[in-house]
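Reviewing the structure listed below.
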There are 2 protein chains.
Amino acid sequence: MKEKELRRSLSVLPIGTVMKLTDLSARQIRYYEQQGLVIPERNEGNRRMYSLNNVDQLLEIKDYLSEGINMAGIRHIYEQQKEREHAKQEQMQKSLTDTDVRRILREEIKAVGGLADRADKLSVHKKKL
Amino acid sequence: MKEKELRRSLSVLPIGTVMKLTDLSARQIRYYEQQGLVIPERNEGNRRMYSLNNVDQLLEIKDYLSEGINMAGIRHIYEQQKEREHAKQEQMQKSLTDTDVRRILREEIKAVGGLADRADKLSVHKKKL
DNA sequence: ATTTTATGTCATATTTTATAACACGAAAAT
DNA sequence: ATTTTCGTGTTATAAAATATGACATAAAAT
């Protein structure tokens with residue numbers, strides 16, 4: 001599902017479209033950006049270009065606001081989220097090295113298996129042992 | 001998967017974005033429209049707004065063109081496609097009425113079952129028959 | 001009672017898009 | 001061998017969309 005993620009993160013929507021999709025005013029969208037919440041990419045002409053993920057985030061912000069949470073609160077939430085993602089990232093990193101360890105172990109086993117094979121070939125002598 | 005279809009058919013992309021996504025010039029995109037191939041919606045300000053489906057179709061057209069097929073050919077292909085869709089539509093229609101028929105049959109069976117029930121209730125007399 | 005927040009509104013500059021026209025090489029038709 | 005048609009580029013002009021910054025303000029926080 002990597003392709004889907006890519007699609008959702010492509011900055012292809014002008015602010016006008018985002019306004020309609022979120023039912024937010026340009027003023028609001030720009031203000032949230034100013035507050036460090038949703039920072040869109042810019043095209044060559046300095047126009048803001050949003051992704052579907054950006055839109056989702058804006059809708060999320062709408063929800064938070066309607067729950068009475070203010071900018072600072074929302075900012076905090078996203079910082080927390082980033083932290084969690086960071087932690088997960090580290091976790092991933094760790095588990096990756098774990099699989100590395102497993103791979104190495106497997107290779108060691110394989111090596112041992114090789115020895116076993118040789119032992120098999122020598123097994124004609126087994127009975128003798 | 002109705003929601004996905006909706007997403008893909010939402011007219012949210014300005015022509016500039018479509019140009020980048022398809023690597024076609026505005027001239028080309030508009031010409032294909034003029035030729036009846038990809039007709040985008042328009043926003044209140046008469047700007048063309050494209051959907052992801054539109055983009056896919058444009059990419060398809062690019063392929064056809066690179067295969068040497070001309071506008072007329074592509075138009076023909078799409079007309080065929082429409083016909084097929086239409087046929088499928090009719091088929092759907094048909095099979096829907098089929099299920100209707102089945103439903104009706106089921107109801108008839110149920111009705112018969114009702115009679116059967118009554119027959120059961122009368123079955124105390126069965127032996128008499 | 002002030003100050004801060006979140007948003008509206010307005011003005012100005014820049015960018016993007018629409019439309020129409022002219023051009024032009026390559027392919028097709030005559 | 002010409003003439004037409006096709007697909008696209010380019011240019012000019014007008015309208016729409018967007019960016020930025022300033023001023024305004026009701027509601028909330030202090």
Side-chain angles (χ1 to χ4, degrees), chain A residues 10-79, chain B residues 10-79:
Chain A
L10 272 185
S11 298
V12 293
L13 310 172
I15 200 171
T17 293
V18 175
M19 289 172 66
K20 284 178 200 155
L21 292 178
T22 62
D23 198 40
L24 290 168
S25 70
R27 184 69 169 85
Q28 287 174 301
I29 297 172
R30 296 199 195 103
Y31 183 65
Y32 303 157
E33 176 183 352
Q34 194 184 322
Q35 295 297 313
L37 296 188
V38 178
I39 292 130
E41 297 196 353
R42 301 286 187 124
N43 71 3
E44 321 72 51
N46 196 37
R47 262 63 204 171
R48 292 171 176 83
M49 299 302 287
Y50 297 84
S51 69
L52 287 177
N53 281 333
N54 289 154
V55 171
D56 285 346
Q57 214 186 335
L58 284 168
L59 290 171
E60 223 176 289
I61 290 173
K62 266 191 80 169
D63 284 350
Y64 286 139
L65 287 175
S66 76
E67 285 176 33
I69 304 175
N70 64 7
M71 296 288 118
I74 299 174
R75 227 179 290 132
H76 185 255
I77 289 170
Y78 285 137
E79 275 161 23
Chain B
L10 272 186
S11 297
V12 293
L13 310 173
I15 199 170
T17 293
V18 176
M19 289 172 65
K20 284 178 200 155
L21 293 179
T22 61
D23 199 39
L24 290 168
S25 70
R27 184 70 167 86
Q28 287 174 303
I29 297 171
R30 296 199 195 104
Y31 183 65
Y32 303 157
E33 175 184 352
Q34 195 185 321
Q35 295 297 311
L37 297 187
V38 179
I39 292 130
E41 296 195 354
R42 300 286 186 123
N43 70 3
E44 320 71 53
N46 196 36
R47 262 64 201 162
R48 292 172 176 82
M49 299 302 287
Y50 296 84
S51 69
L52 286 178
N53 282 332
N54 289 155
V55 171
D56 285 347
Q57 214 187 337
L58 284 170
L59 290 171
E60 222 177 289
I61 290 173
K62 266 189 78 168
D63 284 349
Y64 286 140
L65 286 175
S66 76
E67 286 175 32
I69 305 176
N70 64 8
M71 296 289 117
I74 299 174
R75 226 180 291 133
H76 185 257
I77 289 170
Y78 285 137
E79 275 162 23

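We name chains A, B, ... by the order of the sequence lines, and we start the count at 1 in each one. Since we're looking at a predicted model, the values are computed, not measured.
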- request: Write down the distance between CD (A:Gln34) and C1' (C:dT7), rounded to a whole number of angstrom.
  value: 12 Å
query: Between C:dT7, D:dA16, D:dG7, which nucleotide gets closest to the side-chain atoms of B:Arg47?
result: D:dA16
- prompt: Under the 3.5 Å rule, do the base of C:dT9 and the side chain of A:Arg27 count as making a donor-acceptor pair?
  reply: yes
message: Looking at A:Thr22, is its backbone amide N or carbonyl O close enough to the side chain of A:Lys62 to form a donor-acceptor pair, meaning the two atoms are under 3.5 Å apart?
response: yes
statement: Partner of B:Tyr32 under side-chain contact (heavy atoms from CB on, under 4.5 Å), picked from B:Gln35, B:Gln28, B:Gln34, B:Arg30, is B:Gln28
Nearest-angstrom distance from the residue atom CG of B:Asn70 to C1' of C:dA28: 10 Å
message: Output the rounded distance in Å from CD1 (B:Ile15) to C1' (D:dA17).
response: 15 Å
task: Using atom CD of B:Glu33 as one end and atom P of C:dA20 as the other, report the distance to the nearest whole Å.
output: 12 Å
query: Can you tell me how far P of C:dT4 sits from CD of A:Gln35, to the nearest Å?
result: 14 Å
- prompt: Looking at C:dA18, C:dT16, D:dG9, which one has an atom nearest to any side-chain atom of B:Ser25?
  reply: D:dG9
query: Who is the Watson-Crick or G-U wobble partner of C:dT3, with both distances under 3.5 Å?
result: D:dA28
- prompt: Would A:Glu41 and A:Arg47 pass as an ion pair if we require N to O under 4.0 Å?
  reply: no
task: Name the closest nucleotide to the B:Arg30 side chain, picking from C:dT19, C:dT7, D:dG9.
output: C:dT19
- prompt: Below 4.0 angstrom from OP1 or OP2 of C:dT19, is there any side-chain N or O of B:Asn46?
  reply: yes
task: Would you tell me if any nitrogen or oxygen in the side chain of B:Tyr31 comes within less than 4.0 Å of OP1 or OP2 on D:dG7?
output: yes
message: Expressed as a whole number of angstroms, how long is the span from A:Met19:CE to D:dA16:P?
response: 16 Å
query: For B:Arg42 and B:Asn46, does a side-chain donor sit closer than 3.5 Å to a side-chain acceptor?
result: yes
field: Whole angstrom value for the distance that separates C1' of D:dT18 from CE of A:Met49
entry: 11 Å
message: Without decimals, in angstroms, what is the distance between B:Glu44 CD and D:dA16 C1'?
response: 10 Å
message: Check this one for me: any side-chain N or O of B:Arg48 less than 4.0 Å away from OP1 or OP2 of C:dA18?
response: yes
- prompt: Under 4.0 Å between a side-chain N or O of B:Tyr32 and OP1 or OP2 of D:dT8?
  reply: yes
query: Donor-acceptor pair, B:Asn54 side chain versus B:Ser51 backbone, under 3.5 Å?
result: yes
task: Record whether the side chain of B:Arg42 comes under 3.5 Å of the base of C:dT17 through a donor-acceptor pair of N or O atoms.
output: no
